[in-house]
Amino acid sequence: MKTSLKFSPLYIILAGVLTLSACSKEPEAPAADSQPEPEQAAELVDTEFNPRLAEYIKTLASDEFQGRAPATKGDELTVAYLEEHFRRIGLKPIDGDSYQQPVSLVQIDPKQVSDMTLTGENLPDSFKYRDEMIAWTTQVTEQVSVEDSEMVFVGYGIVAPEYNWNDYEGLDVKGKTVVMFVNDPGYATQDPELFNGNAMTYYGRWTYKYEEAARQGAAMALVIHETAPASYGWGVVAHGSPIKFDLVNEDKNMSRSKVEGWLTTESAEKLFANAGTDLATMHKKALEPDFKPVPLNAKASVTVNNNLRELTSSNVVGYIEGSKYPDEYVLYMAHWDHLGMDFSNPDNKVFNGAQDNASGTGAVIALAEHFAKQPQPERSVAFVLVTAEERGLLGSAWYASNPVFPLEKTAAAINMDVMNMYGPMKDMVIVGLGNTEVEEILVKYTEQQGRYAVKEPNPEAGIAYRSDHFNLSKKGVPILYAKGGNDHYQKGAEWGAAQRAEYNRCCYHKVQDEWRDDFDLRGAQQDLFLYYRVGNELANSRQWPNWYEGNEFRAIRDASAEARQ
């Protein structure tokens, strides 16, 4: 049996207005009753946090830095620049006089992936690679093969004790191929009492589903692609670069399933038809309290051949030591890397990544500089600039597995990924609003600026699990991921939404993401004041924020409570 427990958040979650990635839905204006009266936001304050912010962003986004790809000349130049500024500011290094935390990466290039051959009475001979399925391996090996593996449908592929939900209950899938839906039951039903309702939980992310399948011993894990619950089309899944990056570890990822991948909806329909059912029926069955996995009366085989290359990059870390509690930490983070260079482009070769994420990197430098000019905080304040975010959040994953500062003694982390470059906004978007007590501090200071807090407009896309802070979340560290929204203090929400939509159309992950002299950083400066005030309050108090009851990371944090006594 499985049922879902839903705990009421301590916040009333407001409507949001920010588009956060090219995979997100277009933004909508906030409901009228969620906005303050005009006079509440009329006075513009806090627009001059650090006058050097534009300089930092412009420099990092220049052609000289070659798109800041890990393990390239651009990497060397970027890390040297960051170290230079951390040293100038007076941050303490982490290893002698070095601010570098080396990160060992491996590039897995699938030079050949077979079609998925099938055995089943009413099935085609195969599903074609990229057209009907996509597959890869994260195992660090030149070849993997899954042969005649029994296929079984496991609903949403979720084991969530806090929701009393277990799709694998009583099932042994060792050596088998598991097939499952993307997202989670809350999104499927839109029931606010089931999981997080429309807002995706960690259990809805495809990355979680592969991790759980590996824990269950599956040889191959396949997620059924559906555009709405995935929040992006099949082209995003199947027609981007097949090259994977991962961290180098002792077991070379042999604990993962041999093959991971996706199936098109049409392929899933064929599998279900072979088992005497259909997609719509399986959607209903997967939500039943007494759901039991369904054998698909089919076997699958796939072979993946790889080229492998090991690489080294670096996180850049500096800190201000606390005066009273130096072994307790408040952490600011952003990723410094971007996509490097496109040598096939005769006109514009550099992925400058001005907004994504020279802006966040420059913001961390600006914050460090500001903190260094203030009285010494009671707790230590750390500034962590991570590599390889664009390769799969790898720099932050390395830090989370090899923390420079103890995670159980880290009061909170504040992440900055794509700052507001379009001027002062009345709204402050808190991604994953209703998850952690850290947001209560931010809301307080946001209101003092005459602004208001909102959640992201499309929580079903799981953006709270798609930036670097997520790797710390999985270790229990309460996080804050927030940024200025769309509701421009003069031009309104429609204008702001149009700017975000245009960025997604023209520039996101393209060479057009360049520094522009008409960027209006007054809104980013306001946001920096908020980030500073939140961190400064935590650094000079005995507060230990936690996740709210019912959050999937609460138990992890609670397990380390004794270290914070």
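At least one donor-acceptor pair closer than 3.5 Å links the side chain of Lys510 to the backbone N or O of Arg505. When atom types are taken as modelled, the side chain of Trp515 and the backbone of Ser62 share no donor-acceptor pair closer than 3.5 angstrom. A donor-acceptor contact shorter than 3.5 Å links the side chain of Asn357 to the backbone of Met416. Although no hydrogens or angles enter the test, the distance criterion places no donor-acceptor pair under 3.5 Å between the side chain of Asn420 and the main chain of Lys483. Under a 3.5 Å cut-off, the side chain of Gln139 and the backbone N or O of Arg256 do form a donor-acceptor pair. Proximity of a side-chain donor or acceptor of Ser467 to a complementary backbone N or O of His469 within less than 3.5 Å is not detected. A donor-acceptor distance shorter than 3.5 angstrom exists from the side chain of Asn315 to the backbone of Gly395, with no hydrogens or angles considered. Distance alone, capped at 3.5 Å, places no donor-acceptor pair between the Thr177 side chain and the Val152 backbone. Between the side chain of Asp427 and the backbone N or O of Asp487 there is at least one donor-acceptor pair closer than 3.5 Å. Within the 3.5 Å criterion, the main-chain N or O of Leu118 finds no donor-acceptor partner in the side chain of Ser301.
In this structure, Ile479 and Leu472 approach most closely via the heavy-atom pair CG2-CB, 4.3 Å. When every heavy atom of Asn274 is checked against every heavy atom of Gly120, the shortest pair comes out as OD1-C, 3.9 Å. The two residues Pro185 and Leu194 come nearest to each other via the heavy atoms O-CD2, 3.5 Å. Shortest non-hydrogen contact noted between Ala71 and Leu311 is CB-CB, 3.8 Å. Considering every non-hydrogen atom in both Val173 and Leu171, the closest pair reads CG1-CD2, 3.3 Å. Closest approach of Ile57 and Gly362 over heavy atoms only: CG1-CA, 4.4 Å.
Here Trp136 and Tyr210 bring their ring centres to under 6.0 angstrom of each other. Taking the six-membered ring where the residue is Trp, the centroids of Tyr481 and Phe470 are separated by 6.0 Å or more.
The closest side-chain heavy-atom distance from Ile224 to Met282 is not below 4.5 Å. No side-chain heavy atom of Tyr465 sits under 4.5 Å from any side-chain heavy atom of Tyr208. Side-chain contact between Trp234 and Thr227 is absent, with no heavy-atom pair separated by less than 4.5 Å. The side-chain heavy atoms of Val429 and Glu456, taken from C-beta on, include a pair separated by under 4.5 Å. Contact check for Asp109 versus Ile243: side-chain heavy atoms found under the 4.5 Å cut-off. Considering only heavy atoms from C-beta on, Val248 comes within 4.5 Å of Glu310 through its side chain. Using a 4.5 Å heavy-atom cutoff, the side chains of Gln355 and Tyr422 are in contact. Side-chain contact between Ser104 and Trp398 is present, with at least one heavy-atom pair separated by less than 4.5 Å.
The line from CG of Asn249 to OG of Ser401 is 8.5 Å long, rounded to the nearest 0.5 Å. Within the model, atoms OH of Tyr203 and CG of Asn183 stand 14.5 Å from one another, a figure rounded to the nearest 0.5 Å. To the nearest 0.5 Å, atoms NZ (Lys73) and CZ (Phe65) are separated by 11.0 Å. Of the inter-residue distances, the one linking His225 atom NE2 with Glu266 atom CD reads 10.0 Å to the nearest 0.5 angstrom. In this structure, Glu494 CD and Asn486 CG are separated by 11.0 Å, a value rounded to the nearest 0.5 Å.
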Open item on the list: Would His335 and Asp417 count as a side-chain hydrogen bond (donor to acceptor under 3.5 Å, both in side chains) here? Give the steps.
Closed with: CA-CA 7 Å; His335 73 90; Asp417 193 353; 3.3 Å; yes
- [ ] Could you give me the CA-CA distance, side-chain angles and deciding distance for Ile108 and Leu308, then say whether side chain to side chain contact (heavy atoms under 4.5 Å, CB included) is met?
- [x] CA-CA 5 Å; Ile108 307 172; Leu308 304 173; 4.1 Å; yes
- [ ] Starting from the C-alpha separation in whole Å, work towards a yes-or-no answer on side chain to side chain contact (heavy atoms under 4.5 Å, CB included) for Arg516 and Met421.
- [x] CA-CA 10 Å; Arg516 289 174 14 200; Met421 315 288 271; over 6 Å; no
Task: Met220 and Val302: CA distance, side-chain angles, deciding distance, side chain to side chain contact (heavy atoms under 4.5 Å, CB included) verdict - done: CA-CA 9 Å; Met220 182 157 58; Val302 174; 4.0 Å; yes
- [ ] Give the intermediate values and the outcome of side-chain hydrogen bond (donor to acceptor under 3.5 Å, both in side chains) for residues Asn196 and Thr201.
- [x] CA-CA 6 Å; Asn196 258 1; Thr201 64; over 6 Å; no
Open item on the list: Assess the residue pair Val511 and Val350 against the criterion (side chain to side chain contact (heavy atoms under 4.5 Å, CB included)); give the C-alpha distance rounded to whole Å, side-chain angles, the decisive distance to 0.1 Å, and a yes or no.
Closed with: CA-CA 6 Å; Val511 294; Val350 180; over 6 Å; no
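No hydrogens or angles considered: nothing links the side chains of Asp246 and Thr138 as a donor-acceptor pair under 3.5 Å. Donor-acceptor pairing under 3.5 Å is lacking for the side chains of Asp468 and Asn415. Side-chain atoms of Ser145 and Thr303 include a donor-acceptor pair closer than 3.5 Å. Judged purely by distance below 3.5 Å, without hydrogens or angles, the side chains of Asp356 and His509 pair a donor atom with an acceptor atom.
For Asp251, the CG atom counts as densely surrounded, since its 6.0 Å shell holds more than 12 non-hydrogen atoms of other residues, nucleotides or ligands. Around NZ of Lys244, the count of heavy atoms belonging to other residues, nucleotides or ligands within 6.0 Å exceeds 12. Applying the 6.0 Å contact sphere to CD of Gln190 captures more than 12 heavy atoms from other residues, nucleotides or ligands. Annotation for Gln143: atom CD counts as buried by contact number, over 12 foreign heavy atoms lying within 6.0 Å.
The pair Arg554-Glu162 fails the salt-bridge criterion, with no side-chain N (NZ, NE, NH1 or NH2) lying under 4.0 Å from an Asp/Glu carboxylate O. One finds no salt bridge joining Lys209 and Glu212 here, because no Lys/Arg side-chain nitrogen approaches an Asp/Glu carboxylate oxygen to under 4.0 Å. Salt-bridge annotation for Lys474 and Glu211: present, with a side-chain N of the basic residue lying under 4.0 Å from a carboxylate O of the acidic one.
The aromatic rings of Phe553 and Tyr202 sit tilted, their planes meeting at an angle between 30° and 60°.
Exactly one residue among Leu385, Thr387, Val316 makes a side chain to side chain contact (heavy atoms under 4.5 Å, CB included) with Val79. That residue is Val316. The one candidate from Phe181, Trp165, Tyr163 that meets the ring-ring contact (aromatic ring centres under 6.0 Å, His included) condition with Tyr156 is Phe181.
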